[in-house]
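This report refers to the structure that appears directly beneath it.
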Protein chains: 2
Amino acid sequence: MQITSRLTVAAHTLAVIEYFKDKNKTTSDFIASSVGVNPVVIRRILLQLKDAGFIDVARGSGGATLKKRPEEITLLDIYRAVDCVEEGALFHFHENPNPDCPVGSRIHAALDGYLLQAQQAMENSLNSVTLRDVLNHFSA
Amino acid sequence: MQITSRLTVAAHTLAVIEYFKDKNKTTSDFIASSVGVNPVVIRRILLQLKDAGFIDVARGSGGATLKKRPEEITLLDIYRAVDCVEEGALFHFHENPNPDCPVGSRIHAALDGYLLQAQQAMENSLNSVTLRDVLNHFSA
DNA sequence: ATAGATGTAATCAGAAAGGTTACAACAATA
DNA sequence: TATTGTTGTAACCTTTCTGATTACATCTAT
């Protein structure tokens, strides 16, 4: 089981929007051909990025543009915008531990803190990287 | 999308094995009733924990016992033993970025390092917690 | 021999992702 | 104002992955 590719697709999408901002109109078709997925998949992600306030999408005429500066958008922001994980919980807990068992009744409390720590360690790492950092890989 | 509950089920399983070691025979049925899942699910996980060298499982007579001390087993060890994530890659990368696009051809290289860092931050956190730490929540 | 377990295959249902088609709504422009 | 190219969005499909469940051969202690 892996975290959905929406994160990498969304990051790729934002990179395309910025990289081609002066060269091409970045329509869902254009982005889709760079990412290698169906345009509708891109449109769905564009909606999520728009809802998050990262981009503007032009109805009618078409094309997306960044609304924030690349250094203001982190991988964690993107990760959250595209709902990579249900209810923000990375680890899925089995749902019916036996409340009448001394272990079953306390296993949730015993593990939750550690699991949350691990999740936050991951999120902190994602939060330390901005879209600018990613774009820097395309300049040279 | 979330990480499979096999991690929490396996941790729960090991906790039961240790907690009840002098009180009960910890068969797959017994463990299953504490965890709240089907006994076959437990047996499959017992096999993985056995393959990892954490436990012995008695055929015939039944019951599982720890083979290592609880302080020698970390949550990361368990996480890896039960294959929570395919090929060790937490993030799923979209598979067909366009090699003829300046962004598509380099997006993998641009993101991989950051994603790996985030994954390792999570794994390091899991690695800092042992089964002993978890068991301590059941002593008081 | 028997009884109680484990090991393991086979099958099923449900969830989630992504692919795809289709089309209404929209905005620029000819 | 009609056309054209896009976006927004619904609907449906396929694939994949869990975990549930049934079934049974195998094993071991008694």
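Residue numbering restarts at 1 for every chain, and letters A, B, ... go by the order of the sequence lines.
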For Y114(B), the ring pair (Phe, Tyr, Trp, His ring centres under 6.0 Å) test, sequence neighbours excluded, returns H137(A)
Contact list (N/O, under 3.5 angstrom) for nucleotides 23-30 of chain D vs protein:
from, atom 1, to, atom 2, distance (Å)
dT26(D), O2, R59(B), NH2, 3.1

Tell me, please, the opening and closing nucleotides of DNA chain C, 5' to 3', among those with an atom under 4.0 angstrom from a non-hydrogen atom of chain A. dA16(C) to dA28(C)
The criterion is side-chain hydrogen bond (donor to acceptor under 3.5 Å, both in side chains); which residues satisfy it with E18(A), sequence neighbours excluded? K21(A)
Give the minimum heavy-atom separation between F91(B) and L115(B), together with the two atoms involved. CE1-O, 3.5 Å
Counting the atoms with a prime plus P, OP1 and OP2 as sugar-phosphate, which does L46(A) contact under 4.0 Å by heavy atoms, base, sugar-phosphate, or nothing? nothing
Can you list, by residue number, the residues of residues 13-21 of chain B that have a non-hydrogen atom closer than 4.0 angstrom to DNA chain C? none
Inter- and intrachain pairs under ring pair (Phe, Tyr, Trp, His ring centres under 6.0 Å), touching residues 25-74 of chain B, at least two apart: F20(B)-F30(B)
Mind listing the N/O atom pairs, protein and nucleotides 16-19 of chain D, below 3.5 Å?
from, atom 1, to, atom 2, distance (Å)
dT18(D), OP1, M1(A), N, 3.1
dG19(D), OP1, T4(B), OG1, 3.1
dG19(D), OP1, S5(B), N, 3.2
dG19(D), OP1, S5(B), OG, 2.4
dG19(D), OP2, T4(B), OG1, 3.0
dG19(D), OP2, R6(B), NH1, 3.3

Check each of L14(B), L131(B), I17(B) against P70(B) using the side-chain contact (heavy atoms from CB on, under 4.5 Å) test, and report the only one that passes. L131(B)
Measure from CG on N24(A) to P on dT6(D) and round the result to the nearest Å. 12 Å
Judged by each residue's nearest nucleotide on DNA chain C, which is more toward the 5′ side, A64(B) or P39(A)? A64(B)
Solution key, residues 59-66 of chain B side-chain donor-acceptor pairs under 3.5 Å, sequence neighbours excluded:
none

Taking CG from D29(B) and C1' from dT22(D), how many angstroms apart are they, rounded to a whole number? 14 Å
Residues that F93(A) engages under ring pair (Phe, Tyr, Trp, His ring centres under 6.0 Å), provided they are two or more places apart: H108(A)
Just to verify, what does Y19(B) make a ring pair (Phe, Tyr, Trp, His ring centres under 6.0 Å) with, not counting sequence neighbours? none
Separation of atom CD in E95(A) from atom C1' in dA20(D), rounded to whole Å: 14 Å
For P99(B) and S105(B), which heavy atoms make the closest approach, and how far apart are they? O-CB, 3.4 Å
Smallest separation among heavy atoms of A11(A) and L111(B), with atom names: CB-CD1, 3.9 Å
Hits for ring pair (Phe, Tyr, Trp, His ring centres under 6.0 Å) against H94(B), two or more places apart or cross-chain, chain-then-number order -> H12(A)
Ignoring backbone atoms, test whether K50(A) places a side-chain nitrogen or oxygen under 4.0 Å from the OP1 or OP2 oxygen of dG8(D). yes
May I have all residue pairs that pass side chain to side chain donor-acceptor pair (under 3.5 Å) and include part of residues 37-58 of chain B, sequence neighbours excluded? S28(B)-R43(B)
Any side-chain heavy atom of T13(A) within less than 4.5 Å of one from I42(A)? yes
